[in-house]
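I am attaching a structure below and will ask some questions about it afterwards.
In what follows, every heavy atom counts, from backbone to side chain, and hydrogens, waters and symmetry copies are set aside.
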Amino acid sequence: MGIFSKEKTKPELALVFNVGSSSVESALFEIKKGGLPKIIFSIREPIIFEDKVDSDKFLFFTLKSLETIASKTCLSGLGKPSKIFCVLSSPWYASQTRIIKLEKNTPFLFTAKVADDLIKKEISIFEEENTAKFGGEDNKVRIIEFKNMKTMLNGYMTSEPFEKKTKKVEMVVFISMSGDKILKTIERTIWRHFHAEDIKFSSFAMASFTVARDMFVHQENFLLVDIAGEVTDISIIKKSVLSNSISFPLGRNFMIRRVAEGLNTTLNEARSFLSLYKDGHALKSVEKKLEPIITDLKKEWLNEFQRSLVNISEDISVPATIFITVDQDLADFFSEIIKTEQFNQYTLAESEFRIIFLDTKTLHGVTSFGDNVDRDPFVIIESIYINRFIC
């Protein structure tokens, strides 16, 4: 090179793993601070599922898929990531939005130390409440995420609350956690391929909420629905704050299991029959047998969805705008189910549901891609969130 030539610096790479209940995904992307991340590699590996959910086997198969993904990503030869993240979906974490309050009769100075003391106390309570789910005598729990979404002094929201006198403080915080054993096993699996000492964990609920909020800035109130393999998660957002979340154990896999049981067939055959039925290509004889099964499972999922809407909202009504993350092949299927809620006499929606899928079409233009890279909406959401708020 000439003496005035400038060597082109290589872009900094980040790697994100998405650990869900039906698959594990990974993406390598170029960090673009103040810009759009560029995804240069993306891959997905399904998680084996069986007739009945066994927690130990479920974890084993999930880690096996993570191992496969990590190996393939490492062998891609596209460069070593400087930062590695792991985004967890249900059921691998627990989360809650909590309101921290402090009120005195006389004005007091609200400082960072006062805030830290209040937060530590709240985290301790949250850990105790969730130890039964992930912990026990031989297993600790670990906080993976803490977000202060809103601070109010004397009833007024402020972005700079410290060193101000007030009589009343209210902080709305989001906390997520997981079992230390699970997290350490994930860390060891990734370390074998990337020798990363520091892997940052986050929740898909926070990532998808943040992206939806920032893409649709005029939409202060909405629902987030993530329909995964084993679980459906619902989060309610009020005044741009993730205020509550709830889950029920019915995802796409329960439908496959129900079809397999009803037709007395294998899970793989049931998956094929369900796909053919959904696309209108099933044989008439198969379609006739599937009709009552599909009708029943639609009702079951809808009943759980309606029950969750009742439990998640403290108000009389819930937001009518719904952002949904689900595998593309089932988008129309679940959209039709949710829309039937409109005709239920006990509907809680403010108005007719407006359903927006956070799919590759909706997310078009928020990231860039290398050549021949799969467009996976889950890793797109996570790359945007990590690029903007964590890197």
Check whether I48 and L59 end up in the same hydrophobic cluster, where Ile, Leu, Val, Met, Phe, Trp and Tyr are linked by side-chain heavy atoms less than 4.5 Å apart. yes
Look only at the side chain of S21 and the backbone of E230, and say whether a donor-acceptor pair between them is shorter than 3.5 Å. yes
With a 6.0 Å cut-off (strictly less than), is the heavy-atom count around CD of E160, excluding the residue itself, greater than 12? no
What about W92 and F204, are their ring centers closer than 6.0 Å? no
Please find the pair of heavy atoms, one from H195 and one from R192, that lie closest to each other, and give the distance. NE2-O, 4.3 Å
Result of checking F334, F254, F333 against W301 for ring-ring contact (aromatic ring centres under 6.0 Å, His included): F334
Considering only heavy atoms from C-beta outward, does the side chain of L276 approach that of D279 to under 4.5 Å? no
Checking N154 side chain against K167 main chain: does a donor-acceptor pair fall under 3.5 Å? yes
Quick check: do Y93 and E145 have side-chain heavy atoms less than 4.5 Å from each other? no
If we check side chain to side chain contact (heavy atoms under 4.5 Å, CB included) with F174, which of these qualifies: Q96, M149, R98? M149
In terms of side-chain geometry, is the basic nitrogen of E103 or K101 positioned less than 4.0 Å from the acidic oxygen of its partner? no
Establish, yes or no, whether a centroid distance under 6.0 Å links the rings of F110 and F162. yes
Are any side-chain N or O atoms of S272 and backbone N or O atoms of N268, one a donor and one an acceptor, separated by less than 3.5 Å? yes
Heavy atoms, side chains only, cut-off 4.5 Å: are K38 and T367 in contact? no
Quick one: do K239 and E220 make a salt bridge, cutoff under 4.0 Å? no
Assess R375 against F369: is NZ or CZ under 6.0 Å from the centre of the six-membered ring, and within 45 degrees of the ring's axis? yes
Looking at R252 and V231, would you say the former's side chain and the latter's main chain have a donor-acceptor pair under 3.5 Å? no
Cation-pi, F108 ring and K104 (6.0 angstrom, 45 degrees): yes
Flag yes if more than 12 heavy atoms outside K64 fall under 6.0 Å of its NZ atom; otherwise flag no. no
For residues M171 and M157: do they belong to one hydrophobic cluster (side chain heavy atoms under 4.5 Å, members Ile, Leu, Val, Met, Phe, Trp, Tyr)? no
Can you name the nearest heavy-atom pair linking L13 to I40, along with the distance? CD2-CD1, 3.7 Å
Under 3.5 Å donor-acceptor, R257 side chain and D51 backbone: yes
Residues, nucleotides or ligands: over 12 heavy atoms within 6.0 Å of K80 NZ: no
H364, NE2 atom: more than 12 neighbouring heavy atoms under 6.0 Å: no
Below 4.5 Å, heavy atoms only, C-beta onward: do D327 and R44 meet side chain to side chain? yes
Without swapping roles, check the side chain of N244 against the backbone of I236 for a donor-acceptor pair under 3.5 Å. no
Between D374 and S42, do the side chains contain a donor N or O and an acceptor N or O under 3.5 Å apart? no
I want to check a possible cation-pi pair here: R213 against F209, using under 6.0 Å from ring centre and within 45° of the ring axis as the test. yes
Sidechain N-carboxylate O distance under 4.0 Å for D332, K278: no
Is any NZ, NE, NH1 or NH2 atom of the basic residue among K113 and D117 found under 4.0 Å from an Asp or Glu carboxylate oxygen of the other? yes
Aromatic ring proximity F17/F85, centre distance under 6.0 Å: no
Min side-chain heavy-atom separation E127-I123 under 4.5 Å: yes
May I ask you to test the L363-M215 pair for a side-chain heavy-atom distance under 4.5 Å? yes
Distance-only, no hydrogens or angles: does the S335 side chain make a donor-acceptor pair with backbone N or O of A331 under 3.5 Å? no
Among D226, D359, D233, side-chain hydrogen bond (donor to acceptor under 3.5 Å, both in side chains) partner for T325: D226
Decide whether S95 and S245 meet the rule of one side-chain donor and one side-chain acceptor closer than 3.5 Å. no
Are I175 and I143 close enough, and set up right, to give a side chain to side chain contact (heavy atoms under 4.5 Å, CB included), and what steps lead you there? CA-CA 7 Å; I175 311 172; I143 298 296; 3.7 Å; yes
For the pair E187 and R142, find out whether any cationic side-chain nitrogen is under 4.0 Å from an anionic carboxylate oxygen. yes
More than 12 heavy atoms of other groups within 6.0 Å of K298 NZ: yes
Do the non-hydrogen side-chain atoms of N221 and I237 ever get within less than 4.5 Å of each other? no
Looking only at side-chain N and O atoms, does E45 offer a donor or acceptor that is under 3.5 Å from a partner on T68? no
Please state whether the rings of F222 and F323 are parallel, tilted or perpendicular, taking 30° and 60° as the class boundaries. perpendicular
Would you say that more than 12 heavy atoms from the other residues, nucleotides or ligands in this model lie under 6.0 Å from the CG of N264, or not? no
Around atom CD of E269, are there more than 12 heavy atoms from other residues, nucleotides or ligands closer than 6.0 Å? yes
Look only at the side chain of K33 and the backbone of N387, and say whether a donor-acceptor pair between them is shorter than 3.5 Å. no
Any salt bridge linking K120 with D116? Criterion: basic side-chain nitrogen under 4.0 Å from a carboxylate oxygen. no
S89 vs F378 side-chain heavy atoms within contact, under 4.5 Å: no
Roughly how far, to the nearest 0.5 Å, is OG of S383 from NZ of K32? 13.0 Å
Quick check: does any side chain N or O of S76 sit under 3.5 Å from a backbone N or O of T73, one acting as donor and the other as acceptor? yes
For the side chain of S275 and the backbone of R271, is there at least one donor-acceptor N/O pair under 3.5 Å apart? no
